[in-house]
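Only one structure is covered here, and it is reproduced in the block below.
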Amino acid sequence: MRLSLYPITNLKELPADADVISHQLMLRAGLIRRVAAGLYTWLPMGLRVLRKAEAIIREEMNRAGAFELLMPTIQPAELWQESGRWEQFGPELLRLTDRHDRRFVYGPTHEEVITDIARRELKSYRQLPVNFYQIQLKFRDEVRPRFGVMRAREFLMKDAYSFHVDEASLDQGYRLMFDAYTRIFTRMGLKFRAVLADPGAIGGTGSQEFHVLAASGEDAIAFSDGDDYAANLEKAEALPPRTPRPAPQAAATLVATPKTHTIAAVSALLGVPAERCIKTLIVDGSDGGLVALVIRGDHELNAVKAQNLAAVANPLRMADPTRISHALGAQIGFLGPVGLSCPLIVDHSAAALADFVCGANQDDAHLTGVNWARDLAEPVVADLRNVVAGDPSPSGQGTLSIARGIEVGHVFKLGRKYSDALGATVLDEGGKAVAPWMGCYGIGVTRVVAAAIEQNHDAQGIVWPDALAPFDVVLIPMNLHKSTRVRDAADELYRTLTQQGFDVLLDERDARPGVKFADAELYGIPHRVVIGERGLDAGTLEYRSRRATDNEDVPVAELIAFLKSRAQG
RNA sequence: CGGGGCGUAGCGCAGUCUGGUAGCGCAUCUGCUUUGGGAGCAGAGGGUCGUAGGUUCAAAUCCUAUCGCCCCGACCA
């Protein structure tokens with residue numbers, strides 16, 4: 001591509017509304033432009049990157065034996081009513097009505113449509129296992145789209161769905177996809193980690209997420225230093241303390257704590273560390289009543305663990321404050337487990353405390369020196385909290401650290417939830433109709449691009465991994481307009497490299513060298529070749545990797561071999 | 001959904017408090033010079049000041065409504 005012909009504009013100044021680095025660089029380098037909140041146009045340079053990512057995904061999916069198809073973005077409401085998700089899905093499901101008053105959704109995912117295909121097309125176990133995938137736009141009406149293309153409302157996703165006659169075959173298909181994902185992200189040159197995950201709203205039995213590691217990641221990942229255990233913070237299990245609860249020493253005492261309704265304030269006022277205070281959180285119960293969740297003052301409630309409890313409403317909702325003070329006789333901030341008139345579920349670590357501080361269930365008062373089994377009943381315990389760095393690993397090996405990641409892929413075992421709901425069946429070997437086991441496997445293609453930048457950039461701009469770069473090589477001729485030798489050499493090189501299969505960007509603009517260098521660096525082209533009179537006299541070209549700070553002189557005749565050895569793309 | 005903030009030229013901003021008919025930098029266009037790390041000079045084009053009402057002789061500026069966008073929070077006991 002000749003840069004003077006290429007429709008690209010970059011920005012020296014940052015658009016004011018971009019706050020994460022990938023969003024800033026994608027705007028500055030002219031990869032994307034915002035159309036509305038969470039909606040972006042991919043400009044030609046950006047689309048090249050997106051297509052490279054797609055191509056890798058497509059190749060590896062095909063290699064794994066999956067079949068590409070294309071489903072519509074708009075889906076009939078009936079399918080969602082059949083699966084029950086018409087009601088289950090919240091406001092992020094965009095619902096539409098056509099001119100005939102028929103209801104549709106803009107698909108946030110495609111389990112219903114694929115299962116509908118399956119029930120029509122798959123009749124026999126002989127057709128299984130089979131895996132269908134597509135690369136298609138999705139729409140989720142996020143409460144708060146942010147971070148540019150990273151959490152957009154419309155995004156490009158690769159989604160795959162596999163069908164199996166039994167669970168063993170599903171396990172096999174799942175492993176196949178896990179391996180394919182590992183190859184995909186490895187080929188993309190990304191540092192990533194597969195972690196155990198909560199299956200969440202999509203449902204199912206087993207799932208793992210693939211996270212690109214980056215400080216700006218929205219998700220916290222817990223991983224062990226003792227083995228390869230890694231889990232989403234939502235999912236990471238907090239083990240019960242190994243040491244038994246100490247014997248009571250103090251007597252339970254009512255103390256006045258006016259206007260002291262945070263753990264920090266209580267802890268400061270009473271001189272008791274937060275880890276010996278107790279938080280009592282009131283949430284809506286699954287039966288419409290209230291449920292108290294009790295955790296240690298220095299811990300955070302894990303919403304996923306909480307809402308997975310039978311007694312707790314799913315999704316988790318904090319109870320209405322007015323309702324709390326009416327039903328429980330004290331305001332938020334002064335609640336505690338002693339004499340509380342609603343069911344109580346206590347985190348392991350809170351249950352292991354002795355002589356702790358908690359709200360007194362009357363305003364402006366707390367209790368100190370409280371002990372389980374003496375001042376109140378032995379508690380019902382559960383794992384309610386987020387793990388913290390230093391907790392023992394649930395794998396039994398080592399301790400946990402917490403890192404940040406960007407979720408770019410997710411593999412699930414769905415089981416038979418959708419095939420049951422939509423009545424998809426195949427005949428098994430014995431001629432009996434059985435609902436196929438399903439797996440589903442997603443990759444956020446647009447998010448991968450942003451994640452790649454989050455992980456690979458410097459003060460000058462993007463530093464593309466070879467496999468994702470919009471162009472492999474940028475040619476920068478010096479004094480182009482004056483030197484026919486340079487011009488001829490540049491043209492020749494451009495032709496040859498293109499013929500050799502490189503994506504080449506020739507910067508033949510009549511601009512100063514500094515401008516060209518700066519732009520090439522902003523765009524993140526991995527390999528740069530400068531063509532100048534000086535070098536030509538010596539029979540050399542000047543090479544510089546985007547990741548390097550020094551030039552290397554390469555004899556003209558050896559350039560192609562040299563580039564081939566450097567560029568893995 | 002709660003809180004905060006912002007809408008003035010393609011981008012970044014000033015002007016709003018104190019009303020008087022719109023400005024700066026970058027970008028763009030023209031010419032000349034310049035050309036190994038974001039050039040210089042001279043000139044030019046480009047804005048219904050988000051939208052709709054209202055107040056006023058006069059509104060970017062004051063009032064009301066509305067739309068859009070951004071940030072923080074939504075684990076607080």
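What you see below is based on every heavy atom in this structure, not just the backbone, and it leaves out hydrogens, waters and symmetry mates. In what follows, chains carry the letters A, B, and so on, assigned in the order in which the sequence lines appear, proteins first and then strands, with residues in each chain numbered from 1.
Counting only N and O atoms by type, the side chains of A:T97 and A:R103 include a donor and acceptor under 3.5 Å apart.
Residue-level contact check: A:N386 touches neither bases nor backbone, having no heavy atom under 4.0 Å from any strand. If you check every strand for non-hydrogen atoms under 4.0 Å, A:V266 touches nothing. At a threshold of 4.0 angstrom between heavy atoms, the contacts of A:R534 include nucleobase atoms, whether or not backbone atoms are also involved. Note on A:A303: a base of the nucleic acid sits closer than 4.0 angstrom, heavy atoms only.
For B:rA39, one of the phosphate oxygens OP1 or OP2 lies less than 4.0 angstrom from a side-chain nitrogen or oxygen of A:R512.
With both pairing distances under 3.5 Å, B:rA60 is matched to nothing as a Watson-Crick or G-U wobble pair. Nucleotide B:rA9 forms a pair with no other nucleotide shown, judged by Watson-Crick or G-U wobble geometry with both contacts under 3.5 Å.
Comparing B:rG3 with B:rC17, their P atoms are spaced 27 Å from each other, to the whole Å. Comparing B:rA59 with B:rG19, their C1' atoms sit 6 Å apart, to the nearest whole Å. Straight-line distance between the C1' atoms of B:rC26 and B:rG38: roughly 12 Å, to the nearest whole Å. Rounded to whole Å, the separation between the P atoms of B:rG23 and B:rU16 comes to 15 Å. Atom name C1', nucleotides B:rA60 and B:rC13: the rounded distance is 15 Å, in whole Å. Of the C1' atoms belonging to B:rG7 and B:rG15, the separation is 15 Å, rounded to the nearest Å. Comparing B:rG20 with B:rU61, their P atoms are spaced 10 Å from each other, to the whole Å. As rounded to the nearest Å, B:rU28 and B:rG45 have C1' atoms that lie 9 Å from one another.
The side chain of A:R544 has B:rG37 as its nearest neighbour among B:rG36, B:rC71, B:rG37. Side-chain proximity of A:R144 to B:rC75, B:rG73, B:rG36: nearest is B:rG73. Considering only side-chain atoms of A:H481, the nucleotide from B:rC69, B:rG36, B:rU35 that sits closest is B:rU35. Taking the side chain of A:V515 as heavy atoms from C-beta on, and the options B:rG37, B:rC71, B:rA39, the nearest nucleotide is B:rA39.
The side chain to side chain contact (heavy atoms under 4.5 Å, CB included) test with A:P470 is passed by exactly one of A:D503, A:I525, A:L31: A:I525. Partner of A:F471 under the ring pair (Phe, Tyr, Trp, His ring centres under 6.0 Å) criterion, out of A:F502, A:Y6, A:Y523, A:W464: A:Y6 alone.
Spacing between atom CG of A:L39 and atom C1' of B:rC69 amounts to 13 Å, rounded to whole angstrom units. The distance between atom CD of A:Q24 and atom C1' of B:rG12, rounded to the nearest whole Å, is 13 Å. Rounded to whole angstrom, the span from the CG atom of A:L11 across to the C1' atom of B:rU28 amounts to 13 Å. Atom P of nucleotide B:rG36 and atom CG of A:D537 are separated by 16 Å, given to the nearest angstrom. As rounded to whole Å, 15 Å separates atom P of B:rG38 from atom CG of A:D507. Per the geometry, CD belonging to A:E533 stands 14 Å off P belonging to B:rU35, to the nearest Å. Regarding A:R151, its CZ atom lies at a distance of 12 Å from the P atom of B:rC71, rounded to whole Å. Between A:R317 atom CZ and B:rA74 atom C1' the separation is 15 Å, expressed in whole Å.
Taking only distance into account, the side chain of A:N479 never meets the base of B:rG36 through a donor-acceptor pair shorter than 3.5 Å. Counting atom types as modelled, A:R528 pairs no side-chain N or O with a base atom of B:rG36 as donor and acceptor under 3.5 Å. No donor-acceptor contact under 3.5 Å links the side chain of A:E521 to the base of B:rG38.
To the nearest 0.5 Å, atoms NZ (A:K305) and CD1 (A:I295) are separated by 10.5 Å.
Across the interface with RNA chain B, nearest-nucleotide mapping of A:I263 and A:A18 shows A:A18 to be the residue nearer the 5′ end. With the nearest nucleotide of RNA chain B identified for both A:N302 and A:A511, A:A511 has the one nearer the 5' end.
At least one test fails for A:R447 against the ring of A:F155: distance under 6.0 Å to the centre or angle within 45° of the axis.
Salt bridge A:D458/A:R547: absent, no basic N to carboxylate O contact under 4.0 Å.
In this structure A:T262 satisfies the side-chain contact (heavy atoms from CB on, under 4.5 Å) test together with A:A264, A:A265, sequence neighbours excluded.
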